[in-house]
Amino acid sequence: MKTLRRTRGLTMMEVLFAIFVMLIGLVGVLAALPTGISSAQWVIFQDASINLSASKFSEIRRDRINPSAIDGSYEPLNGSSGGWHDFAHGPGDTYENFDDIAQYEWKVDETRSTGIGSAAGGPNGYMAPAKGAAQAGLMQVTLAIHRKGTSRSFRFTQFMLPYE
Amino acid sequence: MKTPRGFTLIEMLTVLAIALTMVALTVPIFGMATKTVGAVQRKLTIYASARNVLDTFEAEARLAISNERGGHFSIKKLAFQDSDPFTPQESFPDTKKYVCSRREADCLNLVQLQPGGYEWTGKVGSQTVPVLPGAQPFPLAYPNNWGRYAEGWRVELTSSLSYQTPSVVDVDQDEGGSAKEVTDQLADVSGITTPVHSYAICNYIKDNCITEGYPSSTRLYDEVYDQLGPGKEIKNARRAQTEATVPSRQHYRGVSGIRVMDLDIAYWDDAQRKFLNVPDARVVYFAPPPKAVRFTITVCDREKRYGSITLQRVVYLPAGHGQASVQTTDDNFYYNYSASGSNPANPCKATSFNRTKRIKNLPPIYIGDWVWDAGDGNATVAPPFSEAPVGPADPGVFGTMRLWPSPPLPLNW
């Protein structure tokens, strides 16, 4: 003979606890969204930085100046710590119409003589020495683009001739 | 033994109320978050696309070369007023760039060397020098030209507002298969495109010239005089020969995923040390080219869902070594053509270069080779020494081409 057994229902506390667990899960999902937005903004900054660094490298090549002694040739220091320059965006300036240009700043972060073309070769082994070639004196120039108010920055490197 | 009880009705209603409240709160939060993510992603897409567009422009411009006879590097400044509600109307739209209804539609014309590229891929006839395994020819886009090596390329980077591409490319067509009229583009700025036309410099011994009005049947082209001098730049794209045995010397590249509403090209004045624009409706033929140019583009997505952004890029020109001090008093000197003879005196005079010329005061050769009679499709201007076919043209090949100049005229025309 089969005995019927009555099962009990959920108590109020159990249901509230379940809802609480679900809430934790939802908060977790929602917490991921700002991260996604932040990542997208990071990529936008990356795109802007690539664009601006290419532009600034072009300016240096155009003017044929020594990238290791660049201060004074372009925008003055903007006063922020770290030796940053604004991108000139006043009326008639080069970057007048670049979207949100005021939030970006730049600096020549590093210049190193590579010794490419010398008999001894480069100090960092970039390239095998060109036999019989004169010292080309290429410089490894690194530009940094920084987004103001954040700790975010990108660094871009090109090899350039150090015009004196 | 105590029998557990189930929910009372009140308890059930309380739990339901709490659950519903949470759901109700969650939905708008999700909605807002999703909307924000969507907006950021669209902006990201536009940003990435705009940068790629500028990368393309830079790659083209940096290949510019010049020679001792002044050919060829020129900038034309053209601007139009659009009627699209997407852009806010201003009282004086012709004085405010990028943010209102003034659309920049500049043109950059230059010459590039033929760097090998396609011809070295081993695909064509006896030209079987292959690229290294895994390597790519450069530039990738240049096609074969009758199996011949091109010496170079005339290249035009322009806005479809200024010069239209023949309706051979889907992105530039309207529903009827014709090139989009300027009026249509101004009514919907997402219809504006920025084509790059390249036309091979090669094979310029031309037969049957008597039928084209020349005194002898064979004409050996003077490369600079006929192909590179001021006025010989590509304007409206030329006929695209699609027969399998006669591939075109022209090549087209377009940007379809993103729409470039504004194409502004400024030159670097090395004396004033600033970028300057050519005045509206003017052209400057530079010799030598300036040290740098600056591209400014405003882009939107095709559906115009997310506003627009404006980006700028300075492009250093390896061949540029000019001061680019431009005389801004308009003159009417132009590169003159002789109606006959195969080697007229060199017309590349200094007066042709580094000064503003009002386009409408120049001969049609400076404005557009393809000028059609709207009634019967005949070419009403078929300039000497041009590759334009003489006689009635087939409008079906081109769709409806713009008459130059015709309304809507550029600003300050």
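Order of the sequence lines fixes the chain letters, A, B, ..., with proteins taken first and strands second; residue numbering starts at 1 for each chain.
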Visitor: Crowded around A:Lys148 NZ? As in, over 12 foreign heavy atoms under 6.0 Å?
Guide: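 Yes, NZ of A:Lys148 has more than 12 neighbouring heavy atoms, counting only those of other groups under 6.0 Å.
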Visitor: Mind running salt bridge (charged side-chain N to carboxylate O under 4.0 Å, His left out) on B:Lys43 and A:Asp100 for me, showing each step along the way?
Guide: CA-CA 13 Å; B:Lys43 186 173 182 178; A:Asp100 300 326; 3.7 Å; yes
Visitor: How long is the straight-line distance from OG1 of B:Thr14 back to CG of A:Leu16, given to the nearest 0.5 Å?
Guide: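 One finds 9.0 Å between CG of A:Leu16 and OG1 of B:Thr14.
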Visitor: Output yes when a side-chain donor or acceptor of A:Ser58 lies under 3.5 Å from a complementary backbone atom of B:Val314, and no otherwise.
Guide: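 Looks like yes, one N/O pair under 3.5 Å.
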Visitor: Would A:Gln41 and B:Leu44 count as a side chain to side chain contact (heavy atoms under 4.5 Å, CB included) here? Give the steps.
Guide: CA-CA 7 Å; A:Gln41 288 173 334; B:Leu44 170 62; over 6 Å; no
Visitor: Can you tell me how far apart CG (A:Asp47) and CZ (B:Arg51) are? Round to the nearest 0.5 Å.
Guide: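 So the CG of A:Asp47 and the CZ of B:Arg51 are separated by 4.0 Å.
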Visitor: Between B:Ile18 and chain A, which part of the residue has a heavy atom less than 4.5 Å away: side chain, backbone, both or neither?
Guide: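 Only the side chain of B:Ile18 comes within 4.5 Å of chain A.
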Visitor: At a heavy-atom separation under 4.5 Å, does B:Thr298 approach chain A through its side chain, its backbone, both, or neither?
Guide: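 Nothing of B:Thr298, per the 4.5 Å heavy-atom cut-off to chain A.
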Visitor: Name the member of B:Asn277, B:Thr296, B:Val315 that forms the most heavy-atom pairs with chain A at distances under 4.5 Å.
Guide: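 Sorted descending by pairs with chain A, the first entry is B:Val315.
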Visitor: May I ask you to test the A:Asp63-B:Arg273 pair for a side-chain heavy-atom distance under 4.5 Å?
Guide: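 Yes; the side chains approach each other to less than 4.5 Å.
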Visitor: Which bit of B:Thr45 comes within less than 4.5 Å of chain A, counting heavy atoms only: side chain, backbone, both or neither?
Guide: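 Neither part; nothing is under 4.5 Å.
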Visitor: Hey, is the main chain of A:Thr94 close enough, under 3.5 Å, to the side chain of B:Arg294 for a donor-acceptor pair?
Guide: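 At least one qualifying donor-acceptor pair exists.
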Visitor: Would you call A:Asp99 and B:Tyr47 a side-chain contact if the rule is heavy atoms closer than 4.5 Å?
Guide: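 Answer yes - side chains close enough.
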Visitor: Could you go through the side chain to side chain contact (heavy atoms under 4.5 Å, CB included) check for A:Phe98 and B:Leu311 one step at a time?
Guide: CA-CA 5 Å; A:Phe98 195 104; B:Leu311 296 180; 3.4 Å; yes
Visitor: Can you name the nearest heavy-atom pair linking A:Glu96 to B:Gln312, along with the distance?
Guide: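 In terms of heavy atoms, the two residues are closest at N-OE1, 3.4 Å.
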Visitor: Heavy-atom cut-off 4.5 Å, strictly under: side chain, backbone, both or neither for B:Leu54 against chain A?
Guide: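 It is the side chain, since no backbone atom gets that close.
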Visitor: Can you say whether A:Leu23 sits under 4.5 Å from chain B via the side chain, the backbone, both, or neither, judging by heavy atoms?
Guide: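 Both parts, backbone and side chain.
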Visitor: Under 4.5 Å heavy-atom distance to chain A, tell me which part of B:Lys291 shows up: side chain, backbone, both or neither.
Guide: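 Contact with chain A: backbone and side chain both.
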Visitor: Which atoms of B:Arg313 come close to chain A, meaning under 4.5 Å heavy atom to heavy atom: side chain ones, backbone ones, both, or neither?
Guide: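 For B:Arg313, backbone and side chain are both near chain A.
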Visitor: Is there a side-chain contact between A:Asp93 and B:Phe275 (heavy atoms, below 4.5 Å)?
Guide: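 Heavy-atom side-chain distance check fails, nothing below 4.5 Å.
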Visitor: Looking at B:Phe86, I'd like to know if its CZ atom is crowded, meaning that more than 12 non-hydrogen atoms belonging to other residues, nucleotides or ligands lie closer than 6.0 Å.
Guide: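 Correct, the count exceeds 12.
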Visitor: Shortest non-hydrogen contact from A:Gly92 to B:Lys274?
Guide: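 So the minimum-distance heavy-atom pair works out to O-CE, 4.1 Å.
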